[in-house]
Amino acid sequence: MVVGTLKKTQIYSPSTLYLWEEERSTDGSKWKFLEHKGPVLAPPYEPLPGHVRFFYDGELSAPAEEVATFFAKMLDHEYTTKEMFRKNFYKDWRKEMTSEEKSKITDINKCNFTEMSEYFKAQSEARKQMSKDEKLENERILQEYGFCVMDNHKERIGNFRIEPPGLFRGRGDHPKMGMLKRRIRPEDIIINCSKDSKHPKPPQGTRWKEVRHDNKVTWLVSWTENIQGSIKYIMLNPSSRIKGEKDWQKYETARRLKKCVERLRAQYREDWKSKEMRVRQRAVALYFIDKLALRAGNEKEEGETADTVGCCSLRVEHIKLYPKMDDQEYVVEFDFLGKDSIRYYNKMPVEKRVFKNLQLFLENKQPEDDLFDRLNTSILNKHLQELMDGLTAKVFRTYNASITLQQQLKELTSPDESIPAKILSYNRANRAVAILCNHQRAAPKTFEKSMQNLQTKIDEKQKQLSATRKQLKGAKTEHKASHDDRSKKMVEVKRKAVQRIEEQLMKLQMQATDREENKQIALGTSKLNYLDPRISVAWVKKWDVPMEKIYNKTQREKFAWAIDMAEEDYEF
DNA sequence: CATGCGACTTAGTAGAGAAACC
DNA sequence: GGTTTCTCTACTAAGTCGCATG
C-alpha cells in the first residue's frame with residue numbers, strides 16, 4: 001500500500017516544497033536519524049506566600065498545599081460544584097495529607113479555598129502586565145526545545161511540554177473527574193532518539209526512566225499517565241514530513257474507497273437479506289456508518305470512562321423505531337452520547353429492509369443490551385479489510401466528508417458572486433460536512449450580544465445607504481437641470497458611494513448569516529481532519545480566492561503538501 | 001476469540017493574542 | 001490608548017485500530 005513519500009526540499013521556508021520520491025523503506029521504519037532536546041518539564045511548585053490563608057471550619061489550616069491549590073485554581077469553574085468531582089478530589093487530596101491533617105480535615109464542605117483562589121486571580125492579572133519578558137522566555141524555550149532533527153530536516157515538535165500536575169477534567173459524566181493528575185518526573189519519562197544522536201540530558205541529579213532507539217515509532221518522548229494508565233506522547237507538529245505524509249495517505253485511501261463504494265453499497269444491501277444474523281448486523285451497522293458517518297464504536301471498560309457509544313456499541317436504548325412518522329415511513333430516531341459526550345440526535349427514514357432488521361435485532365432485549373450483539377469493531381474492520389485494502393470504518397467518515405465538500409462547493413459556488421460571497425459558500429459547504437460529522441461546539445457565551453451588535457451595524461448601514469441613494473437622486477436632478485461638469489462629477493461621486501455602501505452592507509449581511517448558521521457548529525475539526533485539503537486548494541485556485549481566507553497560517557503549514565500539489569482541476 | 005496495550009488520529013475548550021472599536 | 005470582540009493556538013482528553021498475549 002505504498003503511495004509514495006513526501007520529501008521536504010527546504011527547511012522551514014514559507015513555501016516549503018515537497019517532491020515525489022519513489023522509494024520508501026519497507027521494513028516499517030519511520031526514520032533513520034532523530035535528535036532532540038527532550039521535554040520541557042512542568043515548573044516546580046511554588047509554595048504560597050504566608051498571607052494567603054486556608055480555613056477549615058473557620059479555623060486556620062494548610063493541608064497538602066499543592067493539591068489544594070489545584071482545586072482553588074478551578075473554584076470558579078462549574079466542575080468544582082459537581083459531587084463526583086469533589087468526591088474524587090477529596091479522596092486523592094487526603095492521600096497527600098499528613099495523618100495530623102487527615103484527622104483535622106474531615107469534610108470538604110467545610111473547606112474554604114477563597115483566599116487561594118483570589119491569590120491566583122491576582123497572580124494571573126499581574127502576569128499579564130509583565131508578559132513581555134515572559135514572551136521572550138517562551139520564545140527562547142520554543143527555539144531550544146520546540147524543534148528536532150529527523151532525517152536531515154529540522155522539524156517543529158507538537159507538544160514539547162510535559163503536562164503539569166492538576167486535577168483531571170474528564171468530559172461529560174466522567175467517573176474519574178477531579179482525581180489528582182500527578183507530577184511527571186524525569187524518572188517517569190522514556191526518551192526515544194537515534195543511537196548516534198546527541199541524547200537529551202535529564203535535569204541535574206535526575207535520570208530518565210529509559211532511553212531507547214526505536215525507529216519503528218514516531219514519538220520522541222513518552223510517559224504513563226496515572227488516571228487511566230494510558231501512555232502519553234510527544235510527537236511532531238502536523239507540518240512535519242512524517243505527519244503530512246500520513247495525512248496524504250489517509251486521503252488517498254479515501255479516494256480508493258470512492259472508486260469502489262458503489263460495489264460495497266450493493267454488497268451490504270445484499271447482506272441485509274442474509275440468513276446469518278451476524279452478517280445482517282454487520283450490514284446494517286455499515287449502512288449507518290456510511291449514511292450517517294457514525295464512528296466505529298469500540299467497546300469501553302465500564303466505570304473507567306464516560307458512557308459514550310459509536311455504531312458497533314449502540315444499545316437498544318439509543319434508537320427508537322417509528323413505522324410511521326408524519327408523512328414518512330420507517331423512521332429511526334437516534335439519541336446517544338458520542339465521542340466527548342457530544343449528543344447525537346437524528347431522525348432518519350430508512351429502507352424497509354433495514355427497518356425490519358432493526359426490529360429483529362431489538363427482539364427480546366432490554367434497553368441496556370447491545371443493538372448489534374453479534375458485532376464489534378474488530379469483526380467489522382476485518383470484513384472491510386477483505387473488501388478493500390486498507391479499508392476501516394473511519395475511512396467512510398473521511399470519504400463522505402470529502403465528497404460532500406466537493407459536491408457542495410460545486411453546487412454552491414456561483415461564478416459571478418463576490419469574494420466574500422464565495423467565502424460564505426465555502427463556509428456553507430464546510431458546514432454541511434460539520435453537520436454530517438456532528439461536530440458541535442458550545443454556543444459562544446457572548447453570542448446573542450455579538451449578534452445584536454452586528455444587527456445594529458446592519459441597520460445603520462441600511463440608513464446610510466438610503467440617505468446616499470437620496471443624495472444620488474438629488475445630484476441627478478441637479479445635473480439634468482444644469483448639465484455642467486461639476487454636477488456630472490457629483491453624480492459620479494454619489495454613484496460610487498452608493499455602490500461602496502451596498503457592498504459593505506452585503507458583506508455585513510453575509511457575516512450575519514454565516515455567524516447565525518454557525519452558532520453551534522464547529523467547522524475546525526472537519527477542516528483539519530476530514531476534508532482532503534486538495535479540494536479546497538483547487539477551489540481557491542479556480543475562483544481566485546486568496547488562500548489565507550480559507551486557511552490560516554497553521555493550516556497552511558499543515559497542508560503545505562496539498563497547496564503544493566493540487567491544481568485547479570484536482571478531483572477528489 | 002477476548003483482552004489489554006501501544007501508537008496514532010480526532011476532539012472540544014480555555015486562554016492568549018490580534019484586530020476592531022470607541 | 002484602552003477596552004471589547006474575534007481568532008488562533010495550546011492543551012489534553014477521547015477516540016480508532018492493529019497487534020501481542022494467553
Side-chain angles (χ1 to χ4, degrees), chain A residues 28 30 74 76-77 124 127-128 131 134-135 138 142 146 157-164 166 168-172 174 176-177 181 190 192 214 216-219 222 224-225 227-238 242-243 246-247 249-250 289 294-301 304-306 308-313 337-342 376-382 384-385 390-398 401 434 437-442 444-447 449-451 453-454 457 511 515 520-530 551-555 557-558:
Chain A
K30 309 280 172 67
M74 298 175 74
D76 282 346
H77 201 287
S124 73
R127 200 150 0 98
K128 270 179 206 155
S131 69
E134 211 160 310
K135 241 171 104 181
N138 272 339
L142 171 68
I157 299 171
N159 55 324
F160 51 89
R161 288 171 199 276
I162 297 284
E163 296 174 18
F168 176 74
R169 310 153 77 126
R171 315 254 169 89
H174 197 116
K176 299 193 172 184
M177 64 168 78
K181 198 168 98 167
I190 303 174
N192 192 34
D214 181 358
K216 302 279 190 290
V217 298
T218 67
W219 54 267
S222 77
T224 301
E225 149 274 342
I227 304 288
Q228 327 266 1
S230 66
I231 308 170
K232 301 252 181 167
Y233 302 94
I234 290 181
M235 292 187 188
L236 296 193
N237 193 76
I242 205 152
K243 293 283 185 192
K246 201 77 190 301
D247 208 33
Q249 241 180 67
K250 174 181 76 185
I289 284 172
L294 300 191
R295 297 186 184 82
N298 284 311
E299 299 108 296
K300 307 165 77 187
E301 213 176 327
E304 294 292 300
T305 61
T308 63
V309 298
C311 185
C312 293
S313 50
L337 297 181
K339 180 174 179 180
D340 292 310
S341 294
I342 298 292
N376 61 41
T377 54
S378 158
I379 295 171
L380 180 65
N381 281 332
K382 264 189 203 115
L384 292 175
Q385 180 57 44
L391 186 62
T392 63
K394 82 199 252 298
V395 179
F396 280 88
R397 258 167 96 80
T398 312
C437 294
N438 200 39
H439 291 142
Q440 298 190 31
R441 61 167 183 174
K445 282 198 181 69
T446 53
F447 184 83
K449 209 176 128 209
S450 86
M451 221 44 214
N453 288 350
L454 195 54
K457 272 197 207 164
Q511 233 179 57
R515 196 179 298 173
Q520 295 186 68
I521 313 286
L523 300 186
T525 305
S526 52
K527 204 182 212 179
L528 240 43
N529 301 298
Y530 288 102
Y551 288 142
N552 67 32
K553 188 164 152 280
T554 322
Q555 293 164 341
E557 279 165 11
K558 168 166 178 168

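The figures that follow rest on heavy atoms only: side chains count, while hydrogens, waters and symmetry mates do not. Lettering follows sequence order; numbering is per chain, from 1. This structure is a prediction, so every number in the text was calculated from the model and none was measured.
Counting distance only, with no hydrogens placed and no angle test, the side-chain atoms of K339(A) and the base atoms of dT10(B) include a donor-acceptor pair under 3.5 Å.
Residue whose closest nucleotide on DNA chain C sits further toward the 5' end, between R161(A) and G297(A): R161(A). Comparing H174(A) and N381(A), the nucleotide of DNA chain C nearest to each residue sits closer to the 5' end for H174(A).
Distance alone, capped at 3.5 Å, is enough to place a donor-acceptor pair between the N552(A) side chain and the T554(A) backbone. Between the K558(A) side chain and the L528(A) main chain, a donor and an acceptor come within less than 3.5 Å of each other. Between the side chain of N159(A) and the backbone N or O of Y233(A), at least one donor-acceptor pair lies under 3.5 Å.
One can place CG of L142(A) at 8 Å from P of dA10(C), the figure rounded to the nearest angstrom. Atom CG in L523(A) sits about 14 Å away from atom C1' in dC8(C), given to the nearest Å. Counting to the nearest Å, the C1' atom of dA14(B) and the NE2 atom of H77(A) are 8 Å from each other. To the nearest angstrom, P of dG15(C) lies 17 Å from OH of Y233(A). The nearest whole Å value for the distance from the CD atom in E301(A) to the P atom in dG4(B) is 6 Å. Rounded to an integer number of Å, the gap from E299(A) CD to dC5(B) P is 15 Å. Rounded to a whole Å, the OH atom of Y551(A) is 18 Å from the P atom of dT7(C). Taking atom CZ of R441(A) as the reference point, atom P of dA11(B) lies 16 Å away to the nearest angstrom.
At a cut-off of 3.5 Å, with distance as the only test, no side-chain donor of T218(A) or K243(A) sits close to an acceptor on the other residue.
Taking every side-chain heavy atom of R295(A) into account, dA11(B) is the closest of dA2(B), dT9(C), dA11(B). The nucleotide whose nearest atom lies closest to any side-chain atom of W219(A) is, among dG6(B), dC8(B), dC8(C), dC8(B). With dT10(B), dG18(C), dC8(B) as the choices, the nucleotide that has an atom nearest any side-chain atom of T392(A) turns out to be dG18(C).
Of the side-chain N and O atoms in K232(A), one or more sit less than 4.0 angstrom from OP1 or OP2 of dA13(C). OP1 and OP2 of dC11(C) both lie 4.0 Å or more from every side-chain N or O belonging to R169(A).
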